[in-house]
Trainee: 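Following this message is one structure expressed as structure tokens.
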Amino acid sequence: MVRYRIDRHSGVTAYMQIVQQTKQAMRLGLLVPGDRLPTAREVVGMTAINPNTVHKAYRELEHEGLVESRRGAGTFVTRSLSRPETSGDSALRAGLLQWLRQARAAGVGRDDVTALFTDLVGGYDALPQEAPQPAPADPHATCQTEIEET
């Protein structure tokens with residue numbers, strides 16, 4: 001189950017934080033099609049926000065086609081935002097985790113990591129598109145050649 005957290009000092013409305021956190025859980029594969037979102041009562045218990053705020057967030061997600069509300073049953077995920085490149089065991093995630101460990105070992109604090117990452121993500125769309133690198137050759141593969149008979 002998704003555990004929502006509301007940061008009252010972020011400047012982002014509570015309903016939008018619910019929307020963003022739900023989408024993040026969907027991108028990370030923590031929520032998949034068929035999963036039920038927490039009820040408004042459960043979210044209120046986690047966050048101490050007004051139930052109407054939860055309903056507004058769920059309506060926004062439904063308007064975007066990501067969830068559907070089923071009367072008497074709850075609100076269910078209908079689409080996936082997950083990609084293999086961002087899954088829990090992806091090389092990209094492992095590389096980012098390694099980078100975070102290096103930053104921590106260098107004494108870089110959470111706020112500085114966030115500032116650096118936010119700054120770099122701000123220029124994401126301007127990055128040149130690099131051609132995919134070929135997979136490294138398998139040193140254990142055997143070379144097979146076909147000989148044409150004449």
Trainee: Drop me the distance from T47's OG1 to E42's CD, to the nearest 0.5 angstrom.
Mentor: 11.5 Å

Trainee: Above 12 or not: heavy atoms from other molecules or residues under 6.0 Å from CD of Q24?
Mentor: no

Trainee: Do K23 and E64 sit within salt-bridge range, that is, some charged N less than 4.0 Å from a carboxylate O?
Mentor: yes

Trainee: Once side chain to side chain donor-acceptor pair (under 3.5 Å) is applied, do any residues pair with T75, and if so which ones, sequence neighbours excluded?
Mentor: none

Trainee: Under 3.5 Å, is there a donor-acceptor pair between the side chain of Q21 and the main chain of I18?
Mentor: no

Trainee: Please name all residues satisfying side chain to side chain donor-acceptor pair (under 3.5 Å) with R70, sequence neighbours left out, ordered by chain then number.
Mentor: E68

Trainee: What distance separates T22 OG1 from L30 CG, expressed to the nearest 0.5 Å?
Mentor: 11.0 Å

Trainee: Exactly one of D7, V12, I6 should register a side-chain contact (heavy atoms from CB on, under 4.5 Å) with H9. Which one does?
Mentor: D7

Trainee: Nearest 0.5 Å, please: how far is CG in L96 from CZ in F117?
Mentor: 6.0 Å

Trainee: Flag the pair M46 / R3 as yes when at least one side-chain heavy-atom distance between them is below 4.5 Å, and no otherwise.
Mentor: yes

Trainee: Can you tell me how far apart CG (N50) and OH (Y15) are? Round to the nearest 0.5 Å.
Mentor: 14.5 Å

Trainee: Strictly by side chain to side chain donor-acceptor pair (under 3.5 Å), give each pair with a member in residues 100-115 just once, sequence neighbours left out.
Mentor: none

